[in-house]
Amino acid sequence: MKICMYGAQGHIHTVLDYLEQTDDAAVTAICCEPGEDIVWLKERLAQVNQFVRVYGDYHGMLGRENPDIVIVSSFPDQNAGAARHALSQNIHVFCEKPVAITMAQFERLSQTLKESGAKLYTMLTERFKPAFYTAYRAAEDGLAGTIRLVDARKSYKLGIRPDYYKSRETYAGTLSWVGIHAIDRIYRASGKKFQTVFARSSNGFNRGLGDLETTAVCCYEMEDGVLAAFTCDYYRPAAAETHGDDRLRIVGTHGVIEVMGGEARYLHDGGSEVLPLLELPLIFEEFLWYIRTGESAHLTTEDCMYTTYAALKTMESSDTGTAVSL
């Protein structure tokens, strides 16, 4: 597979991790926007024997290189347009989430996908973490019984953030940049679609970062009477051992499945037990399989688009202060 890269942000390490293990894909060219650090990316690619051409124009790069896949991971406001252009050329897209930061972008992208023969993945990397995957499989196998409630937590260190985080015109918004992971957890764990959301967020005490929301609370009504909620924040202490505190709790009629600290645990009337972690492929490895076969047990284009839609509706609820129907 021939690959081009646009942007040096986000989770592109997932591609580099895969390239360390295989020689069935090659990056031939990269293109970055002004202000992005392209040096680290070139050096990291060289470490995995990928020696690339550098372009200053994204459209020109795709036209000259004619890749099978483009990795889109630029500034958040650039991703939707870049994904649409590639899809319109029937180039498969592996894109940072969210793939759209407005509903207008989302609708245009949806139309392009309908007309394209290419596939799209967003970087919903948590689906490919063993503890979460183990919890999802346990829930699917009925370990918790009939699921009645799902709740999640996302807490990150704020650290030093680039200027684009300061404006909602360029930053996706915390509910779609951070919260989308929790939204996808809820969707994947429950197997149900969202019906109504009520969300609130605040940009208070954000250390001068403009529009960036530092706290959020979101509640959902889902199909079959399942309820769900999550919180997210940027207040994880700098001294914490990990950058993120990622949790999930699946509550059912027979017990509770919890994910915390990279561990999946089952709590029931007879006690509790740590579940053996299941193995699964790398996310980019699965994307290549999905391209080649049209099948994936872990993530599909439809999943990626639905989670994006749910994130945008969640942001709409927070912005308007009202419950929003999905």
Side-chain angles (χ1 to χ4, degrees), residues 11 13-15 17-18 20-21 94 97 121-156 178-194 220 222-224 226-232 236 240-290 293 295-300 302-304 306-307 310-311:
H11 294 84
H13 65 85
T14 57
V15 179
D17 291 345
Y18 177 75
E20 287 181 341
Q21 303 180 18
F94 186 59
K97 47 73 200 162
Y121 251 26
T122 55
M123 298 180 189
L124 293 171
T125 53
E126 289 186 353
R127 284 212 180 197
F128 294 82
K129 291 184 176 181
F132 288 114
Y133 177 60
T134 299
Y136 301 146
R137 286 289 304 274
E140 289 172 348
D141 291 342
L143 201 61
T146 301
I147 297 171
R148 302 302 301 142
L149 176 73
V150 183
D151 65 72
R153 175 191 295 180
K154 288 289 298 182
S155 179
Y156 282 165
V178 177
I180 195 169
H181 285 300
I183 290 168
D184 189 59
R185 280 184 218 158
I186 291 168
Y187 174 50
R188 177 72 174 87
S190 67
K192 306 296 181 184
K193 291 200 170 181
F194 301 96
Y220 300 90
M222 308 186 76
E223 294 174 320
D224 297 333
V226 175
L227 300 178
F230 78 84
T231 64
C232 63
R236 185 158 174 77
E241 291 184 1
T242 59
H243 175 65
D245 180 13
D246 299 312
R247 306 188 188 189
L248 176 67
R249 186 166 175 264
I250 306 168
V251 180
T253 55
H254 295 166
V256 176
I257 302 167
E258 294 184 341
V259 175
M260 183 171 62
E263 181 180 270
R265 181 177 291 272
Y266 174 47
L267 296 82
H268 50 91
D269 289 341
S272 68
E273 56 193 277
V274 176
L275 300 174
L277 296 182
L278 301 175
E279 295 183 1
L280 71 168
L282 299 173
I283 183 173
F284 192 68
E285 178 184 7
E286 183 68 9
F287 184 46
L288 296 183
W289 175 260
Y290 184 49
T293 68
E295 299 179 356
S296 172
H298 302 289
L299 186 65
T300 67
E302 291 74 22
D303 292 332
C304 295
Y306 184 72
T307 301

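Scope of the values below: all heavy atoms of this structure, side chains included, with no hydrogens, waters or symmetry mates. Nothing here was measured: the structure is a model prediction, and the numbers come from that model.
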Item checked: Minimal non-hydrogen separation, Ala311 against Ile183, with atom names -> CA-CD1, 3.6 Å

Notebook entry, point to check: Between Glu263 and Val274, is any pair of side-chain heavy atoms under 4.5 Å apart?
Noted result: yes

Next item on the list: In sequence, state the C-alpha distance, the side-chain angles, and the governing distance for Arg127 and Asp303, and then conclude on salt bridge (Lys or Arg N to Asp or Glu O under 4.0 Å).
Entry: CA-CA 11 Å; Arg127 284 212 180 197; Asp303 292 332; 3.4 Å; yes

Checklist line | Backbone N/O of Leu278 and side chain of Thr134: donor-acceptor pair under 3.5 Å | finding: yes

Check: Side chains of Leu248 and Val150: closer than 4.5 Å at any heavy-atom pair?
Finding: yes

Notebook entry, point to check: Which distance, rounded to the nearest 0.5 Å, do you find between the CZ of Arg185 and the OG1 of Thr307?
Noted result: 12.5 Å

Notebook entry, point to check: So how far is it from His181 NE2 to Arg188 CZ, rounded to the nearest 0.5 Å?
Noted result: 16.0 Å

Notebook entry, point to check: Within the side chain of Thr253, is there an N or O that forms a donor-acceptor pair under 3.5 Å with the backbone of Thr146?
Noted result: yes

Next item on the list: State, with a plain yes or no, whether a side-chain heavy atom of Leu149 is found less than 4.5 Å away from one of Val226.
Entry: no

Margin query: Taking the ring centre of each residue, are Tyr290 and His298 less than 6.0 Å apart?
Written below: no

Next item on the list: Working to the nearest 0.5 Å, report the span between OG of Ser272 and CD1 of Ile257.
Entry: 13.0 Å

Margin query: For Glu20, is the CD atom crowded, meaning more than 12 foreign heavy atoms sit under 6.0 Å from it?
Written below: yes

Notebook entry, point to check: Of the non-hydrogen atoms in Ala228 and Ile186, which two are nearest, and what is the gap between them?
Noted result: CB-CG2, 3.5 Å

Note to self: So, taking the atom named SG in Cys304 and the one named OH in Tyr121, what distance separates them when rounded to the nearest 0.5 Å?
What the structure shows: 7.0 Å

Check: Is any NZ, NE, NH1 or NH2 atom of the basic residue among Lys193 and Glu223 found under 4.0 Å from an Asp or Glu carboxylate oxygen of the other?
Finding: no

Note to self: Let me confirm one number: the CE-OG distance from Met222 to Ser190, rounded to the nearest 0.5 Å.
What the structure shows: 3.5 Å

Check: Are the side chain of Tyr266 and the backbone of Leu143 linked by a donor-acceptor contact shorter than 3.5 Å?
Finding: yes

Next item on the list: Show your reasoning for whether side chain to side chain contact (heavy atoms under 4.5 Å, CB included) applies to Met260 and Arg249.
Entry: CA-CA 9 Å; Met260 183 171 62; Arg249 186 166 175 264; over 6 Å; no

Check: Do Phe94 and Thr14 have side chains that get closer than 4.5 Å, going by heavy atoms?
Finding: yes

Checklist line | With sequence neighbours excluded, residues passing side chain to side chain contact (heavy atoms under 4.5 Å, CB included) with Arg153 | finding: Thr231, Asp245, Arg247

Item checked: Closest non-hydrogen atom pair, Ala139 against Ala189 -> CB-O, 4.2 Å

Check: Where does the angle between the aromatic ring planes of Phe284 and Phe287 fall among parallel (under 30°), tilted (30 to 60°) and perpendicular (over 60°)?
Finding: tilted

Notebook entry, point to check: In terms of ring plane angle, is the pair Tyr306 and Phe194 parallel, tilted or perpendicular, where the classes change at 30° and 60°?
Noted result: parallel

Check: What closest approach, in Å, do Leu282 and Tyr18 show between heavy atoms, and which atom pair accounts for it?
Finding: CD1-CA, 3.9 Å

Item checked: Minimum-distance pair of heavy atoms, taken over all atoms of Leu277 and Gly262 -> CD1-O, 3.9 Å

Notebook entry, point to check: Shortest non-hydrogen contact from Tyr156 to Gly244?
Noted result: CD2-CA, 3.7 Å

Next item on the list: Could you please spell out the steps behind the salt bridge (Lys or Arg N to Asp or Glu O under 4.0 Å) verdict for Glu258 and Arg265?
Entry: CA-CA 5 Å; Glu258 294 184 341; Arg265 181 177 291 272; 6.0 Å; no

Next item on the list: Take Glu126 and Lys154 through the salt bridge (Lys or Arg N to Asp or Glu O under 4.0 Å) test and state the conclusion after the steps.
Entry: CA-CA 11 Å; Glu126 289 186 353; Lys154 288 289 298 182; 2.6 Å; yes

Next item on the list: Report yes if the side chains of Asp246 and Phe132 come closer than 4.5 Å at any heavy-atom pair, otherwise no.
Entry: yes

Item checked: Reported CZ-to-CG distance for the pair Arg137 and Leu280, which is rounded to 0.5 angstrom -> 10.0 Å

Margin query: Counting C-beta onward and ignoring hydrogens, is there a side-chain heavy-atom pair between Val259 and Tyr133 closer than 4.5 Å?
Written below: no

